[in-house]
Amino acid sequence: MTDDRHTAGVVMLVDDNPDTLRILIDALEGVGLTALVARDGASALSLLDRIEPDVILLDAVMPHMDGFELCRRIKAREPFANTPVLFMTGLGDSTDIVAGLTAGGVDYIVKPI
């Protein structure tokens, strides 16, 4: 039996910067992927109640809940334990990279990319 929330080719973007979101949406949709957007952690968690993306691209610096905490909360949800989370952020210090990977990220990309 399949989970009704899963749709192939879906990338969830979690970022509060509209310019970054526009670039990512254009790039993803340009190759035939569906981009879903959350502007903060609470919105991302709410969206995950309805859909299971193939991958999550996550900024580390956001209001109310940073990306590291959001990643930990995502990974604590059983359906998303194996969903790849890639950090895309301006934080490039080695302690930030370690924090992202420790939180459950599978990769850490420093902006600008």
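Note that the structure is predicted; figures quoted are calculated from it, not measured. Computation of the quantities below employed the complete heavy-atom set of this structure, encompassing side-chain atoms and omitting hydrogens, waters and symmetry-equivalent molecules.
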Carefully, step by step, assess L36 and I51 under the rule side chain to side chain contact (heavy atoms under 4.5 Å, CB included). CA-CA 10 Å; L36 301 176; I51 189 92; 3.7 Å; yes

Start with the C-alpha gap between D54 and V11, add the side-chain angles, then the distance that decides, and say whether side chain to side chain contact (heavy atoms under 4.5 Å, CB included) holds. CA-CA 6 Å; D54 294 297; V11 179; 5.9 Å; no

Show your reasoning for whether side chain to side chain contact (heavy atoms under 4.5 Å, CB included) applies to M88 and D15. CA-CA 9 Å; M88 294 181 58; D15 200 314; 6.0 Å; no

Working for side chain to side chain contact (heavy atoms under 4.5 Å, CB included), residues L86 and I56: CA-CA 6 Å; L86 287 81; I56 300 170; over 6 Å; no

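Rounding to the nearest 0.5 angstrom, the gap separating the CG atom in L91 from the CG atom in D66 is 9.0 Å. A distance of 10.5 Å separates CD1 in I25 from OG1 in T20, rounded to the nearest 0.5 Å.
At distances below 3.5 Å, not a single donor-acceptor pair connects side-chain atoms of Y108 with backbone N or O atoms of G92. Formation of a donor-acceptor pair under 3.5 Å by the K111 side chain with backbone atoms of T89 is not found in this model. Side-chain N or O atoms of R77 include one that pairs as donor or acceptor with a backbone N or O of L45 at under 3.5 Å.
The cluster map of Ile, Leu, Val, Met, Phe, Trp and Tyr, joined by side-chain heavy atoms under 4.5 Å apart, puts V106 and L33 in the same cluster. Under a hydrophobic-cluster definition in which Ile, Leu, Val, Met, Phe, Trp and Tyr are linked whenever side-chain heavy atoms come within less than 4.5 Å, directly or via other members, V61 and F68 are assigned to the same cluster. One hydrophobic cluster, built from ILVMFWY side chains closer than 4.5 Å, cannot hold both V55 and I23; they sit in different ones.
Between L48 and P53, the closest side-chain pair of non-hydrogen atoms falls below 4.5 Å. Side-chain contact between F80 and K75 is absent, with no heavy atoms from C-beta onward closer than 4.5 Å. In this structure, L70 and M62 have side chains that are in contact, with non-hydrogen atoms separated by less than 4.5 Å. Looking only at side-chain heavy atoms (C-beta outward), L47 and M12 come within less than 4.5 Å of each other.
A donor-acceptor pair shorter than 3.5 Å cannot be found between the side chains of D49 and S46.
Nearest approach of P18 to D16, heavy atoms of both residues: CD-O, 3.3 Å. Taking all atoms of both residues into account, the shortest heavy-atom contact from A60 to F87 is CB-CD2, 4.3 Å. Shown here for C71 and A103, the closest heavy-atom pair between the two residues is SG-O, 3.5 Å. The heavy-atom pair separating A35 from L13 by the smallest distance is CB-CD1, 4.1 Å. When all heavy atoms of D40 and P63 are compared, the closest pair comes out as CB-O, 4.4 Å. Looking at every heavy atom in both residues, V110 comes nearest to G90 through CG1-O, 4.2 Å.
More than 12 heavy atoms of other residues, nucleotides or ligands lie within 6.0 Å of CG in D93, so this atom counts as buried by the packing criterion.
With respect to the salt-bridge test (charged N to carboxylate O, under 4.0 angstrom), the residues R39 and D59 do not qualify.
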